[in-house]
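Everything below concerns the one structure shown next.
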Amino acid sequence: MAENAAPGSKNQTHLLEIERLLKGAHGQALVATEVRNDELFADISPAAVPDIMRWLRDDKSCRFDYIRCLCGVDYPDHVTVVYHLFATKTKSKITVRTDVSKNSPAVSSVTDIWAGADWPERETAEMFGLVFEGHPDPRRLLLTDDNDAMPLRKDFKLDYGDARRGVSE
Amino acid sequence: MAIARPFLIALALVIFVLSNIVFFMWAEFKISGRVADRLGPMETGRFHGWAQPLADILKFLNKEDIIPANADKLIFRVAPFVGFIPVVMVLAAIPYTNKIFVRDFDIAVFFVIALSSFTFVSMVMGGWASGNKYSLLGAFRAAGMLLSYELPLGLAIAGVVMLSATLSLIGIVQHQTVWNIVLQPIGFLVFMVAMQAELQRSPFDLAVAESELVAGYSVEYSGMRYAMFQLGEFFGLWALASMAVLLFLGGWHGPYLPGIVWFFIKFYGIFLFLAFSRVSVPRVRPDQLMDLGWKILLPSALVNIVITATLIVLVPHYQLPLAISEFAILIGALYLMRRVLK
Amino acid sequence: MNAAMTNYYYVVAFAIVGGVFGGLLLTVARIMRPNKVNKTKLEAYECGMEPFEGNWTQYSARFYVFALVFLIFDVEIAFLYPWGTVFRDFGVTSLIEMFVFIGVLLLGLVYAWKKGVLKWL
Amino acid sequence: MPQHKSTPQLMEINLGPQHPATHGVLRIVLTLDGERVVKAVPHLGYLHRGVEKIVEDLEYFQIPPILDRMDYVANLNNELSYVMGVEKLAGLKVPERAEYIRVILLEFNRIMSHFAWFGPFTNDLGLFGTAFLYGLREREYIQRLFERTTGARMHYNYFTYGGLRHDIPEGFVEEARHLANRLPAVIDEFEYMVEENEIFRLRTIGIGPMDGKTALNFGASGPFLRASGIPIDLRKDEPYSVYDRFDFKVCSASGGDCFARYKVRMDEMRESVKIIQQALDQMPDGPVRAKTTRHLKLPKGEVYMRTEHARGEFGAYIVSDGGVRPYRLKLRSPSLSNLMASCVLLPGMVLPDLIATVASVDIVLGCTDR
């Protein structure tokens, strides 16, 4: 499939170049980076989110001008916020992950960088109990206003009643 | 007996028109069905759903009548009657042939125009009194349409009045040796467009505007009260379609067949036009509607009057020049409009 | 009774029949229909939500201008009809007079148009 | 004449959730000045069923039927992103025949979805019923093929990791070819029906224009984005499945108004027909399903798989902890982003234009709310 570009392909080289530039510009905030399957993965510290994101959009070798997906993943000790970015010119992809601690679940909003992060951030906020600092309209998106549950956290269990009887483990 | 006579005539006429309306409703179901490539009602009454309108009326009778708590109850109750009674009164002035008519009014044209615009008044009243925002928006729109389409309608008829020098509908028909549609194509077109607006038929059904205002002025009306608005509209259709036939299509004139048959052939021709136009064009926007009324229809109607008056006074045999110049202007204007819109 | 009076007698009769007929329909409906109102049913419809406050609002000022222009032209129609029935008896004079009348009103329309008050929205 | 200057009294009104033109249960709280929209605040969540939470309790093979219930107009397109993501994580190789059948069904599904958009769109413009039923009629012909193939009318549950649930029925190819040959004339008919209509043009041209840059910034995708003059189509840009073997062009239009959105969808259907015809010609024989186990265990890892849904980019972000259930499955819905983008257009519009614009975006609330 066209998916798995061979190592050393044009795209791969470009991603490695971005990885190098990223390390140079924001090395101290990077936790880990990896190029796999035509995609760059970068783990960053939450404090560096606004800087790195703005750099990713504005730097002329990156130009990640399109936010595909913003979501959270709940782990036992932290919530990871995952940004899937895309550059429409070079067609390169990057996945940025940042681990937000559950004690102070705050991360800077990226709505001023990509307006498309608006509703996904609202959704992530209500589903995981996060706070996106600087979000222009931090209301709930899908849940009712009086619902304080954080449904997508793992400690929130669905109650099926009898509906799941007989489903194998 | 002389005192009871008008009442009996009125009752007979209302029942006659009502039976026609039942047919209208059925025909509209079937036409809009066939146009949309489906069958329309097929079950009610076995034969092609002929009883569907009756079933609808029965349903209206069975519906709960709800008057919202914050409605202006008096006006809310009165509004359907304001829409219904004037269009029944109009029936008194409409002749069907030179023998079959109720009364020959010498100002029949005036009378019909004046009373048929009461429909809008009832909409404004009903929409305002409902105490609902959607109906209020519908009422705004109805009022705007009343203001904008009353004028072209009246001015389009003025040309006909000038040709026949009378306001009596019977007189106007008798005067039409050549149908007025030939002499007054601009007037006819303006009349037809304004008529659709007066009747709240698509593309001018803005006061109802299902996809925008849910049901416009009639949001809060249910059951028979709602049905009365509908009945009023159908009676209005009866009145204005008859007017179109009498003023522009030569009324009962026609070869071979008796006059009354000709009248209804033409009448149902107009009805078919209305039924088809309803299902084939989208709705216009309120501002486009106003623009059409004020900036196209009103000036065209005035141009029509000016041409007609000038030719009648200055040219002895004015009929042929009038027809030629009107058609020339009409075709030119339509061509220009198409160019602009493309 | 003269003809005009008879005409209007007929009109009144038609009005009464219309009113009685409508009333009859409502009465029949009143007998047939159920009547189980509750508070929710009596609420104003607003797409299934509880309505916001204030169901009546002001009319737009534009509306008033429309109504004025309408009134002027409606008066014109009222003059045009009787004129239309008799104007050929007076020949060119009546023609010019009416043209001046229409012209003045048309100027008014053009003025209103240019001023931009014929914008609905 | 002095203009009216004092502050007008504004009217606050709910448009939806129970409204004929909000395509389900979208609720927009409008602040109106007359009929001019001053402020439009969308409220979502009336169809929120917690898909992302439910799937965490399901095994991988149980998930596609849940996804069918998201975008209930283009169901197969929903399934694709997810099954391809699982395949990628598991390293499954899908048989060629299955890929081709997938493409054929996906493109038919796209056409169905566009038909189901076209009808309601004209309905919202006030062409009551006519074009709506034409759209549904054509949809029904394709629907029959789907019913025969998958055994279900709406919730197909036909794609599965490793291929398809079962092979196509007897006579599928002939019927599909017949449908595909018929469709261009149908699309021409639809265009003729509305495009020559002055009122349709007046109501759509120049209404709700969105420039490409804004659309991109808002993460819009699909026909909505392409109508703004940005020809991004994942089938072409990041080819998945066997899309790189077909000859088709990415349709885009300039203007970004309602008419452009309409035009793009119409053109796109023609391209879909081309893809279907090519796929039918090239389709090989063979198995339709790779060897897999029922209780599939995915290796630890994550994948973001995106496909070109009928409405735009549909993404499935699967995080696996090595078990039989996904640790997290995020579904990126194209309707959500497109709706979000279109909502900035609404203030300043008049009510009928607002209805037309929201309708032109082609939202499905099941997909938006998940």
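Below, chain A is the first sequence line, B the second, and so on; all start at residue 1. All values derive from a computational prediction rather than experimental measurement.
Proximity to chain B (any heavy atom under 4.5 Å) is shown, for D:Leu125, by both the backbone and the side chain. Looking at D:Leu30, there are no atoms closer than 4.5 Å to chain B (heavy atoms on both sides), in backbone or side chain. Both the backbone and the side chain of D:Leu15 come within contact range of chain B, each with at least one heavy atom under 4.5 Å from a heavy atom of that chain. With a threshold of 4.5 angstrom between heavy atoms, D:Asp124 approaches chain B through its backbone and through its side chain.
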Subject >> Full working for side-chain contact (heavy atoms from CB on, under 4.5 Å) between B:Tyr217 and B:Phe120 >> reply: CA-CA 10 Å; B:Tyr217 69 91; B:Phe120 282 117; over 6 Å; no

Subject >> D:Leu351/B:Leu137 under side-chain contact (heavy atoms from CB on, under 4.5 Å): CA gap, chis, key distance, verdict >> reply: CA-CA 10 Å; D:Leu351 193 57; B:Leu137 285 172; 4.1 Å; yes

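Between B:Phe229 and B:Phe234, the ring centre distance reaches or exceeds 6.0 Å.
With 3.5 Å as the limit, one finds no donor-acceptor pair spanning the side chains of B:Glu64 and B:Ser222. Side chains of D:Tyr262 and D:Glu195: a donor-acceptor N/O pair is present below 3.5 angstrom, by distance only.
With chain D as partner, the option from B:Gln288, B:Arg283, B:Arg38 having the largest number of non-hydrogen pairs under 4.5 angstrom is B:Arg283.
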